[in-house]
Enquirer: 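The structure follows.
In what follows, every chain begins at residue 1, and chains take the letters A, B, ... in the order their sequences are listed.
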Amino acid sequence: MDERTYAADAEPGATVTVAGWVHELRDLGGIAFLIVRDTTGRIQVKLEKDEMDADMVDTALDANRESVVRVDGAVEEEPRAPTGVEVVPTDVEVIAEADTQLPLDPSGKVGAELPTRLDNRTLDLRREEAQAIFEIRAEVLRGVRDAFRAHKATEINTPKIVATGTEGGTELFPITYFGEEAFMNQSPQLFKQLMVGSGVERVFEIGPIFRAEEHNTPRHLNEATSIDFESAFYDHTEAMDVCETVVTAAYDAVAENCERELEALGLAEEFEAPSGDFPRLTYEEAIERINATDALDEQLVWGDDLPTEGEHALGQDVGEHYFITDWPADIKPFYIKNHDDDETLSTGFDMMHPRMELVSGGQREHRHDRLIAGFEQQGLDPEQFEYYTKMFNYGMPPHAGWGLGGERLIMTMLGLDNIREAVLFPRDRQRLSP
RNA sequence: GCCCGGGUGGUGUAGUGGCCCAUCAUACGACCCUGUCACGGUCGUGACGCGGGUUCAAAUCCCGCCUCGGGCGCCA
């Protein structure tokens with residue numbers, strides 16, 4: 001089918017072969033219209049019963065919705081057709097028949113619930129809106145990559161099967177690796193740190209992370225895409241600068257190259273890239289502002305982690321992306337460095353969208369003895385992490401970085417209600433297939 | 001892990017003890033219709049998650065199971 005013409009490219013006067021899915025068949029009696037849909041859009045095929053080959057007309061009229069068809073014919077200008085052109089067919093072939101009872105309606109006349117859609121993702125992705133999300137996702141990844149490359153970062157790929165957990169804390173998926181106990185990696189954290197001590201110095205990775213938490217919320221996945229950055233000779237403020245740049249670049253890329261997709265999602269009017277200059281609140285300011293909103297039953301005190309409800313209240317109050325910096329050292333992971341002039345304060349930071357946390361980062365502890373002490377304090381055996389800690393004996397520069405939840409970025413960018421909308425085949429507590 | 005809510009034709013829904021051999025839309029089948037664009041019209045097919053219980057009577061109330069969604073915790 002190498003001379004196939006896409007629906008959007010059919011020019012009046014041309015003789016074409018179009019191929020795609022039967023979107024709809026409108027039979028008006030003497031005349032009928034077959035709407036064929038492909039990845040570029042839809043095109044109308046005219047069927048005049050008295051004037052065309054009867055077998056061909058019957059073939060077209062018998063085609064079920066969503067069957068794959070090929071139509072040969074002449075493209076004619078026709079103001080009454082939806083796209084201004086229509087195909088006057090000379091031949092119609094049903095290439096692959098679809099059942100009449102579909103598990104969901106790709107034309108979108110009747111909605112389907114998310115589980116039904118995910119069970120039938122292929123059909124779901126025939127819908128313009130679903131397709132648009134993944135075109136935008138691809139553009140976000142491209143925009144992010146370009147921004148990292150412009151920042152002289154090298155893209156890396158680190159192992160997803162690992163011998164030990166990364167930071168402790170979150171649950172890991174255990175697997176068997178040739179008879180040995182192993183795990184699915186929860187984060188590229190340790191590996192990207194090993195890279196800043198190498199000659200590569202500044203790295204980023206876009207890859208899967210696995211978390212075995214049994215949570216069941218619209219913003220968690222058990223397999224997610226992490227966008228990670230790490231650079232030698234950076235402190236936490238420089239890491240935040242890069243974070244702003246990268247997130248803004250993702251929005252800019254979408255605004256620039258995804259007009260059609262934003263239109264399909266009904267976002268063309270309101271879509272706006274952030275300023276690229278996110279407010280930086282200290283943890284102390286954050287809890288004060290949350291307390292001032294009176295959203296919480298109990299006032300937060302220094303040392304508390306931010307509850308979800310508090311995050312929402314603060315997000316509403318700030319109204320744009322923002323950072324929370326200078327967290328109490330106790331509630332940030334041990335591999336994050338504390339301020340030199342105040343050991344109770346961490347250089348760790350979170351970057352928040354008004355709806356939820358997007359990024360977590362900080363300057364890393366690069367001093368070997370401090371790192372070992374941190375492992376011990378965390379109840380982890382430093383011996384098990386020797387592959388990692390020993391490199392801190394061979395010249396590990398100061399460094400900083402962060403991890404960004406890819407699906408969360410897309411979810412908040414597009415105002416999706418459920419993070420599963422941003423993954424083709426999501427993995428959650430209940431879902432292992434497709 | 002704790003807590004809450006839901007499962008009705010293929011899909012999305014109405015129905016909170018008798019008015020229900022179950023509503024509506026869409027899809028599907030038949031027929032009518034030569035410019036539809038969610039085409040229209042007439043007729044028709046098709047469902048109460050599973051098991052037990054209460055009751056004269058259960059989609060509706062109770063119990064168990066299965067299954068799905070959500071809130072919190074934790075995180076990205």
Enquirer: Give one of base, sugar-phosphate or nothing for Asp305(A), where a contact means two heavy atoms less than 4.0 Å apart.
Expert: sugar-phosphate
Enquirer: If you look at every strand shown and take non-hydrogen atoms under 4.0 Å, does Glu309(A) touch a base, only sugar-phosphate, or nothing?
Expert: nothing
Enquirer: Do Gln193(A) and Gln189(A) have side-chain N/O donor and acceptor atoms under 3.5 Å apart?
Expert: yes
Enquirer: Counting the atoms with a prime plus P, OP1 and OP2 as sugar-phosphate, which does Glu407(A) contact under 4.0 Å by heavy atoms, base, sugar-phosphate, or nothing?
Expert: nothing
Enquirer: Between Arg420(A) and G70(B), is there a contact of a side-chain N or O with OP1 or OP2 at under 4.0 Å?
Expert: yes
Enquirer: Answer with yes or no whether Arg408(A) presents, from its side chain, a donor or acceptor under 3.5 Å of a partner atom in the base of C75(B).
Expert: yes
Enquirer: I would like to know whether Glu86(A) and Ile43(A) meet side-chain contact (heavy atoms from CB on, under 4.5 Å); could you show each step before the answer?
Expert: CA-CA 6 Å; Glu86(A) 67 186 6; Ile43(A) 190 161; 5.9 Å; no
Enquirer: Would you say the ring centers of Phe323(A) and Phe349(A) fall short of 6.0 Å from each other?
Expert: yes
Enquirer: Would you say Asn418(A) reaches G70(B)'s phosphate, i.e. side-chain N/O to OP1/OP2 under 4.0 Å?
Expert: yes
Enquirer: What's Lys46(A) touching, base or sugar-phosphate or nothing? Going by heavy atoms closer than 4.0 Å.
Expert: base
Enquirer: Base, sugar-phosphate alone, or nothing: which one does Ala81(A) contact when heavy atoms must sit under 4.0 Å apart?
Expert: base
Enquirer: Under 4.0 Å from OP1 or OP2 of G73(B): is there any side-chain N or O of Thr308(A) that close?
Expert: yes
Enquirer: Does a nitrogen or oxygen in the side chain of Ser360(A) sit under 4.0 Å from OP1 or OP2 of A76(B)?
Expert: yes
Enquirer: According to the Watson-Crick and G-U wobble definitions, with both distances under 3.5 Å, which nucleotide is paired to C43(B)?
Expert: G29(B)
Enquirer: Could you measure between the two C1' atoms, the one in U54(B) and the one in G69(B), and give it in whole Å?
Expert: 30 Å
Enquirer: Rounding to an integer number of angstrom, what distance separates A25(B) and C63(B) when you compare their C1' atoms?
Expert: 36 Å
Enquirer: Using the C1' atom as the reference point in each nucleotide, state the distance between U13(B) and G7(B) in Å, no decimals.
Expert: 13 Å
Enquirer: Look at all strands and tell whether Asp27(A) reaches a base, only sugar-phosphate, or nothing, counting heavy atoms closer than 4.0 Å.
Expert: base
Enquirer: Pick the P atom in G29(B) and in C72(B), then give their distance to the nearest Å.
Expert: 46 Å
Enquirer: Tell me if the centroids of the rings in Phe271(A) and Tyr251(A) come within less than 6.0 Å of each other.
Expert: yes
Enquirer: Regarding Pro82(A), tell me which of base, sugar-phosphate or nothing describes its non-hydrogen contacts under 4.0 Å with the strands shown.
Expert: base
Enquirer: Is the distance from OP1 or OP2 of C68(B) to the nearest side-chain N or O of Gln430(A) less than 4.0 Å?
Expert: yes
Enquirer: Under 4.0 Å, heavy atoms only, any strand: does Glu66(A) hit a base, just the sugar-phosphate, or nothing?
Expert: nothing
Enquirer: Per the atom types in the model, does the base of G35(B) pair as donor or acceptor with the side chain of Glu48(A) at under 3.5 Å?
Expert: no
Enquirer: Across all strands, who's sitting opposite A22(B) as a Watson-Crick or G-U wobble pair, both distances under 3.5 Å?
Expert: none
Enquirer: Determine the contact category for Leu28(A): base if any of its heavy atoms lies under 4.0 Å from a base atom, sugar-phosphate if only primed atoms, P, OP1 or OP2 are that close, otherwise nothing.
Expert: base
Enquirer: Contact class for Thr116(A) vs. all strands (heavy atom < 4.0 Å): base, sugar-phosphate, or nothing?
Expert: sugar-phosphate
Enquirer: If we take the C1' atom in both C2(B) and C21(B), what is their distance in whole Å?
Expert: 44 Å
Enquirer: Does the plane of the ring in Tyr234(A) sit parallel, tilted or perpendicular to the ring in Phe229(A)? Use 30° and 60° as the thresholds.
Expert: tilted
Enquirer: What class does the angle between the rings of Phe148(A) and Phe204(A) fall in, given that below 30° is parallel, 30 to 60° is tilted and above 60° is perpendicular?
Expert: parallel
Enquirer: Tell me whether the side-chain N/O atoms of Arg219(A) come closer than 4.0 Å to OP1 or OP2 in C72(B).
Expert: yes
Enquirer: Does a side chain donor of either Ser226(A) or Glu205(A) reach within less than 3.5 Å of an acceptor in the other side chain?
Expert: no
Enquirer: Using a cut-off of 4.0 Å on non-hydrogen atoms, how would the nucleic acid contact of Ala224(A) be classed: base, sugar-phosphate, or nothing?
Expert: base
Enquirer: Have a look at Ile35(A) and say if it touches a base, only the backbone sugar-phosphate, or nothing, with a 4.0 Å heavy-atom cut-off.
Expert: nothing
Enquirer: For the C1' atoms, the ones on C4(B) and on C43(B), what distance do you get once it is rounded to whole angstrom?
Expert: 46 Å
